[in-house]
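Right, one structure below, let's go through it.
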Amino acid sequence: MRVLVIGSGGREHALAWKIAQSPQLSKLFIAPGNGGTGAVAENVALDITDHAAVVAFCQAQKIDFVVVGPDAQVVAGLGDDVRAAGFDCFCPSRAAGQLEGSKGFTKALCDEMGIPTAAYGRFDTEAAALAYLYTQGAPIVIKADGLAAGKGVTVAMSVDEAEAAIIDCFAGAFGQAGAEVVIEEFMEGEEVSLFVLCDGTDILPLTTAQDHKRAFDGDTGPNTGGMGAYSPAPVMTQEIYQETLDRVIWPTVRGLAARGTPYQGVLYAGLMLTATGPRLVEYNARFGDPETQVMMLRMESDVLPLLHATATGTLAGHDVVWKNQYALTVIMATKGYPGSYAKGSVINGVENAGSAHVQVFHAGTRRDGLRLLAEGGRVLNVTALGSSVREAQQRAYAGVDKIDWPEGFCRRDIGWRELARTGL
Ligand code: AMP
Ligand code: GLY
C-alpha cells in the first residue's frame with residue numbers, strides 16, 4: 001500500500017513511525033512532516049490546506065490510502081474531498097467532524113441521545129452570556145464554541161474570572177472561534193481519554209490515556225495542547241470502561257448513523273470520572289496529541305490494516321493487541337509556550353536520547369543542514385515503555401536529560417496521578 005500521512009506534529013510522527021513497520025506498506029509519504037519524520041517517511045512540501053493540491057499529489061503518486069492527523073483538516077473536510085477524488089481516507093466526514101468542530105453540535109447530540117455530560121448554555125452575545133453566568137455562579141466553565149487549539153477554555157473558580165473570560169471571547173481573543181460561547185457546569189473528577197475506532201457501524205475500542213493539559217508541574221499554568229501523557233490509564237476500570245461504551249460511545253455512533261452522518265475515524269472521548277459515573281467533557285474527531293505517541297509505542301498489532309478497515313467500513317472481525325507495558329511521553333516545548341515564543345533555537349543530543357525503550361518523536365522541529373532547529377511550541381516528545389508508570393517515567397526523563405536545548409522546558413511530573421494513586 002502507498003500511504004500519505006497528513007500533518008506535522010508528534011502525533012503524525014508517531015503514526016508514520018508505526019505505519020512504517022507495516023508489512024502491508026510499500027511507500028510512505030508525510031505532508032508536510034517535520035525534522036524527525038524524514039527518518040520513517042518521505043517528507044513532502046505540500047500545502048495541506050489546499051485540498052486540490054493534496055488530491056493532485058495522490059493522483060501523481062498513485063496513493064492508495066490517506067491518513068489525516070490534525071483537527072483543522074478534519075473540520076475543513078479534507079477527507080470528503082480526498083474520498084470524492086476516489087481515494088480511501090482515514091478522516092471523518094466534515095459533517096461527523098462537527099463533534100470536534102462545534103461544541104454546540106456535540107451538546108445537542110448528547111441531549112438527543114441522553115449521553116451524560118455537563119449542563120450548558122450557548123450564547124452569541126456578551127449580555128446573554130453574562131446574564132446566564134449570574135444565574136449559575138462559580139465554579140463554571142467558559143468555552144469558545146469553535147476550534148481554538150485547545151486554548152479556548154477557561155475553568156473559572158470565581159464569577160469575576162468567568163466574566164473576564166466571557167468578555168475576552170466576545171472581544172475576539174479566539175477570533176471567529178469565540179463568536180459563540182458555551183457556558184458549562186463544572187464537573188468534578190479525574191479526567192481520562194478513551195480512543196475508539198469507528199467504521200460507521202462497528203467499533204473497535206483502542207485504549208485509554210491520561211493527558212496533562214496544564215503547562216507547568218502540579219497542573220498549574222495555562223492550558224496547552226498537552227504536555228505529556230501515559231497509557232493505559234488504570235483509573236478507568238473495566239466497569240467504568242464498559243459503562244462508557246454503553247452510555248457514551250454507542251449512543252454517539254448510533255446517533256450519528258441515524259442522522260445520516262455516520263462517524264468513520266477515531267473517536268477520542270475526553271471523560272470526567274465523576275461521583276455519578278463517567279461524563280463526556282468533549283469529543284475530538286482525530287487522534288490525540290500526545291496520546292497517539294504513547295498508544296503507537298504500546299501497540300503490538302499492525303496499525304495500517306486497522307486504520308484502513310476503519311476508513312472502508314470493514315472493521316468487523318478486527319482485533320488489537322497491546323504490549324503488556326505502560327508508555328509515557330514527556331513533551332519538550334519552547335519556553336514561552338503556550339504564549340509567544342522564539343523560533344530557530346538549536347537542539348543538540350536528540351540522537352543520544354533514544355534507546356531500546358525510548359523513542360523520540362518530533363513535533364515542531366526543522367532540519368537546517370546538520371542542525372536541528374525548534375520551530376514550534378511543542379517540539380519533542382520523549383516517549384518510553386516500562387513495566388510500570390514509574391519505570392516508563394524514569395526512562396522518559398533519562399531521555400529528556402540527554403537532550404541539550406536551553407531554550408526548551410518540560411514538566412517533571414508526567415504520570416503523577418497514577419504514581420500518587422499506586423505509589424509504584
Ligand atoms: P476542552 O477543550 O473542552 O477539553 O476543555 C479543556 C479542559 O478544560 C478539559 O480537559 C478539562 O480539564 C477542563 N474542562 C472542560 N470542561 C469542563 C467541565 N465542564 N468541568 C470541569 N472541567 C472542564
Ligand atoms: N491531547 C489533547 C488533544 O489532542 O487535543
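If you read the sequence from its start, that first residue is 1, and numbering goes on from there. Atoms within each ligand, like the ligands themselves, are counted from 1 in listed order. Keep in mind the model is a prediction, meaning the values are calculated, not measured.
- A donor and an acceptor atom, one from each side chain of Ser355 and Arg395, are nowhere located under 3.5 Å apart.
- Between Glu291 and ligand 2, an N or O atom pair is found at a separation short of 3.5 Å.
- The atoms of ligand 1 that sit less than 4.0 Å from any heavy atom of Val281 are 15 (C), 16 (N).
- For the pairing with Ile403, the side-chain contact (heavy atoms from CB on, under 4.5 Å) check across Leu372, Val379, Ile347 returns one residue only, Ile347.
- Ala229 does not count as a contact of ligand 2, since none of its heavy atoms falls under 4.0 Å from the ligand.
- Judged purely by distance below 3.5 Å, without hydrogens or angles, the side chains of Ser158 and Asp160 never pair a donor atom with an acceptor atom.
- Salt bridge status for Glu375 with Lys343: absent, with no side-chain N to carboxylate O gap under 4.0 Å.
- Residues Phe65 and Phe90 place their aromatic rings such that the two centres sit no closer than 6.0 Å.
- Under 4.0 angstrom from ligand 2, there are no non-hydrogen atoms of Gln293.
- Checked by distance only, ligand 2 and Gly225 come closer than 3.5 Å through their nitrogen or oxygen atoms.
- Contacts with ligand 2 closer than 4.0 Å are made by no heavy atom of Arg11, backbone or side chain.
- Proximity to Lys213 (heavy-atom distance under 4.0 Å) selects the following atoms of ligand 1: 4 (O), 10 (O).
- The atoms of ligand 1 that sit less than 4.0 Å from any heavy atom of Glu191 are 9 (C), 10 (O), 11 (C), 12 (O).
- A side-chain donor-acceptor contact under 3.5 Å links Tyr134 and Glu163.
- The contact set between ligand 2 and Asp211, taken as ligand atoms under 4.0 Å from a residue heavy atom, comprises 1 (N), 2 (C).
- Under the 6.0 Å distance and 45° angle rule, Arg279 does not count as a cation-pi partner of Phe186.
- Each of Arg214, Lys213, Arg411 was scored for a salt bridge (Lys or Arg N to Asp or Glu O under 4.0 Å) with Asp219, with one residue passing: Arg411.
- Using a 4.0 angstrom heavy-atom cutoff, Gly288 counts as in contact with ligand 2.
- Shortest contact from atom 5 (O) of ligand 2 to any protein heavy atom: Arg286 NH2, 2.8 Å.
- Comparing Glu185, Arg279, Met187, Glu282 by heavy-atom distance to atom 1 (P) of ligand 1, the nearest is Glu282.
- Between Tyr337 and Phe409, the distance from one ring center to the other does not fall under 6.0 angstrom.
- Using a 4.0 Å cut-off to heavy atoms of Pro290, the atoms of ligand 2 that qualify are 1 (N).
- Judged by the shortest distance from any of its heavy atoms, Met272 lies inside the 4.0 Å radius around the atoms of ligand 1.
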